[in-house]
Amino acid sequence: MPRTTLAVLTLAACAAASLSYAKDGPVKAVIDAGKTGHPISRYVYGQFVEHIGDIVNDGLWAEMLDDRKFYYPIVAKEPELKPGRFNRPPSRRWTAVGPMDAIRMNREHAYSGEQSPDIALDPDEARGIRQAGLSVKAGKRYSGRAVLSAERRGQVEISLVWGKGEDGRETIVKDLKPGEYRTYRFEFTPGAATTDARLEITGRGKGSLLIGAVSLMPADNLHGFRKEVIELLKSLDSGVYRFPGGNFVSAHEWRNAIGDRDKRPPIMDPVWDAVQPNDVGTDEFMTLCKLLDVEPYVTVNAGFGDAWSAAQLVEYVNGSTKTPMGRLRAANGHPEPYNVKFWGVGNEAWGSWQMGAMALDQFVIKHNQFARAMLEADPDIKLIGSGAMPDAMTCSGESGKRTGNIVTEYLGPADWTGGLITHCLDNMDMISEHFYTYADERFDIKSGKRVKLDPDEPLVDWMRRPANHVKVKAEAYADYLDLIPALRDKQIPIVLAEWAYAGVPRDSYKVVPAYAWVFHEMFRHSDLYYMANFTFATSLVSGNGTDAVLNPAGLLFRMYRRHFGTIPVRVSGNAPQSAPAYGPGGQDPKVNAGSATYPLDMAAALTEDKTALTVAVINPTESEQSLEISIEGINLEGGGTRWQMAPDDINAENTVDGQQQVTVEQADVKRFAGTHSFKPFSVSLFRLGIEK
């Protein structure tokens, strides 16, 4: 594999700081369709989901109730709770209907987990529980179930309340049979929309009522997932989804999240300090991937987990019904193997924050143990190592913690990727890398600390910062090829398993040109970047409790996936990108990311059938820019189509509760070759027919 298939021209000279970026005359670009690179993998548009706060359990899963299996005790009134980590909303609590002393948490006859509410009934008053804060739409059906056990015969009333008076509620009456837990199903159709509906479960009579589990979902859910969110995410055609973590996986016991969902125990997740109901586990993730028509990428617990458990998970997912775990999967309602190909061994094993963190010389042994056990369960799987190149180890501060040196030394005790390649190459098919760019700060390699960005930093540099992470990893890989001869014989591509621009409002347009630039840099190294998983899939959607729309970043992902080609072609120009503002090191490459069309960035690719040329141009500045374009190696039919994202305000938003300020504008293009003008901070994508 060449170090880079379509590398931008590596020139040391800096472009001028004025708006005249080329040395002589206008900025020019040459697209040479006769010089092609390695095909772009559809997996570079992939996504990542993890059980952090509401990302999975509310953002994707259709369950409307919090703590539906009663990890917490029933309280007299809803407590004032602070948001959780990353400002995630706190879980709602169940409150008492009737006297508080009539309710105790029964540990002897708990249905799921450690306790279930036990209510002493009374013939003269309704006693039970309620949960408020539910979002409902008028005229929409909602279906639910309650798992109940009664000491004596009687009746229970299950009500959905959306307003005042009898017209603001619907009540279902169920006859209770004494004895073991039974499941009682119900449906409601509210007459008005509200964000503060409540579900009530109450009984009258003698004896006691045990409530084991309760569920309420929109009736149009897709196998438990939110219909409106699934339809949007499916439109992105992302190729692959990574699950279940992320940091979450390092303390996750996968066996807690299979089988009857009502019986799965709720637990306190020690990673994100939140109750995890375990409703969305392995089988649900496979269902999600089927709904979205994407490949699953499963990460196993190499933190607190062990190789035997990882191998059992592989067997559960891929084994035939002749294997013990395959039989268990079939007993859980899924007789056919899922045949998952991509498997990650741990998450960010290099991070001291990770559950089960250890030294590199220990983890390489652990990786090999996991790999051998997992491959014995299924020799056809592809294993992805949990790597971190010097940029990640330096900028996370892990190098300093482990060695006392701010900057990571290649193949030293803090070079996680180098260590895995050196000691685990035979047990690894790909290497996982992560990066997060921060909106208002950078890592300063001189001081070894995070510092605030220069408030006068040019917008083009701000936009380029995520793409520079992609470029610096490509440069490091070239160094590994020189340092580790065995890598030349077995070259393992990069899986960019987590990436995002952190600290920017989720629904803002501002990140769109920056994300497009990340795509372009991966296209320029298409032989190296096989997969990428954006953090998070739900970050491409603006949603509330009932509705969802694609935000600007979501529109960008869909635009590139639908319209950009798969066979990259060479782009050259007369205006090289400027040199890194802070010099190489840490998150900054030796040569800035981008094509030689400064300040614009351009990427081009043929469609798979070679009937069309696609060209994408980013203008990452606050002013309109011009570019003179010429085509070599093919003859264009003439015109084509342009898709463009170019709002007037860089902070424009698409939100589910507000105005849609960002659109993808489509227009016909009569002639492509020649001079084009590009609006400030715009992203433009052209599709042009090729003469036969």
Side-chain angles (χ1 to χ4, degrees), residues 64-81 91-136 142-192 194-216 262 266:
M64 298 165 61
L65 299 173
D66 287 348
D67 194 23
R68 72 180 195 87
K69 289 176 280 189
F70 308 105
Y71 178 88
Y72 292 110
I74 311 303
V75 294
K77 64 177 183 178
E78 183 81 20
E80 293 186 9
L81 300 171
S91 295
R92 297 183 299 273
R93 299 287 197 266
W94 291 95
T95 59
V97 177
M100 187 65 209
D101 59 7
I103 302 175
R104 71 182 183 94
M105 300 308 292
N106 191 323
R107 290 176 172 264
E108 292 77 25
H109 300 288
Y111 183 76
S112 178
E114 297 182 353
Q115 58 186 13
S116 296
D118 189 337
I119 302 156
L121 300 180
D122 185 280
D124 298 324
E125 68 175 347
R127 293 180 176 181
I129 60 173
R130 67 163 61 98
Q131 187 173 128
L134 309 179
S135 295
V136 297
Y142 296 87
S143 59
R145 64 187 181 276
V147 182
L148 309 174
S149 173
E151 187 178 6
R152 300 184 183 185
R153 288 186 180 275
Q155 290 185 328
V156 64
E157 293 187 350
I158 305 172
S159 302
L160 182 68
V161 183
W162 59 85
K164 296 181 179 180
E166 290 303 312
D167 292 338
R169 72 162 54 219
E170 184 178 357
T171 298
I172 307 294
V173 179
K174 296 286 185 180
D175 291 326
L176 293 171
K177 296 180 179 180
E180 298 300 316
Y181 282 102
R182 291 181 173 84
T183 299
Y184 298 82
R185 299 188 180 275
F186 49 86
E187 283 196 348
F188 300 111
T189 304
T194 180
T195 58
D196 195 24
R198 66 181 185 270
L199 183 74
E200 296 181 350
I201 301 174
T202 60
R204 294 175 186 265
K206 296 181 179 180
S208 63
L209 174 66
L210 275 164
I211 305 177
V214 190
S215 176
L216 183 66
D262 288 342

Would you say the side chain of R198 lies within less than 4.5 Å of the side chain of L134, judging by non-hydrogen atoms?
no

Side-chain donor-acceptor pair present, T95, E78, cut-off under 3.5 Å
no

Nearest heavy atoms of A96 and I74, plus distance in Å
N-CG2, 3.7 Å

Looking at CZ of R145 and CG of D262, how far apart are the two atoms once the value is rounded to the nearest 0.5 Å?
4.0 Å

Evaluate whether atom CD of E125 has more than 12 neighbouring non-hydrogen atoms of other residues, nucleotides or ligands under 6.0 angstrom away.
yes

Closest approach of A110 and G113, non-hydrogen atoms and distance?
CB-O, 3.9 Å

Rounded distance (nearest 0.5 Å) linking atom OG of S149 with atom CG of L209:
8.0 Å

Is there a side-chain contact between Y142 and V136 in this structure, where contact means two heavy atoms from C-beta onward sitting under 4.5 Å apart?
yes

Within this structure, what is the CG-CD distance for the pair L176 and Q155, rounded to the nearest 0.5 Å?
8.0 Å

Could you tell me whether D175 and R153 make a salt bridge, using a distance below 4.0 angstrom between a side-chain N and a carboxylate O?
no

Which heavy atom of Y111 sits nearest to which heavy atom of G212, and what is that distance?
CB-CA, 3.5 Å

Passes ring-ring contact (aromatic ring centres under 6.0 Å, His included), F186 versus Y184? Steps please.
CA-CA 7 Å; F186 49 86; Y184 298 82; 9.7 Å; no

Sub-3.5 Å donor-acceptor pair from the side chain of D67 to the main-chain atoms of Y72, do we have one?
yes

For R68 and S215 the tightest heavy-atom approach is NH1-CB, 3.9 Å

Test your reading of the model: is there a side-chain donor-acceptor pair from R93 to the backbone of S91, 3.5 Å cut-off?
yes

Working to the nearest 0.5 Å, report the span between CG of L160 and CZ of R169.
9.5 Å

Over all atoms of both residues, closest heavy-atom pair of A120 and R127
O-NH1, 2.9 Å

Please report the closest heavy-atom contact between R92 and A132, naming both atoms and the distance.
CD-O, 2.9 Å

For the backbone of M105 and the side chain of D118, can you confirm whether one donor and one acceptor N or O come within less than 3.5 Å of each other?
no

4.5 Å side-chain heavy-atom contact, K206 and P123
yes

Any side-chain heavy atom of H109 within less than 4.5 Å of one from S116?
no

Are there more than 12 heavy atoms of other residues, nucleotides or ligands under 6.0 Å from atom CD of E108?
yes

Where the side chain of K174 meets the backbone of R185, is there a donor-acceptor pair that is under 3.5 Å apart?
yes

So, do P178 and E151 sit near enough that their side-chain heavy atoms are less than 4.5 Å apart?
no

Side-chain heavy-atom pair W162, E170 within 4.5 angstrom cut-off:
yes

Distance check, rounded to the nearest 0.5 Å: I129 atom CD1 versus I211 atom CD1?
3.5 Å

Would you find a donor on one side and an acceptor on the other, under 3.5 Å apart, between the side chain of E200 and the backbone of G128?
no

CD1/I201 to CH2/W94 distance, rounded to the nearest 0.5 angstrom?
5.0 Å

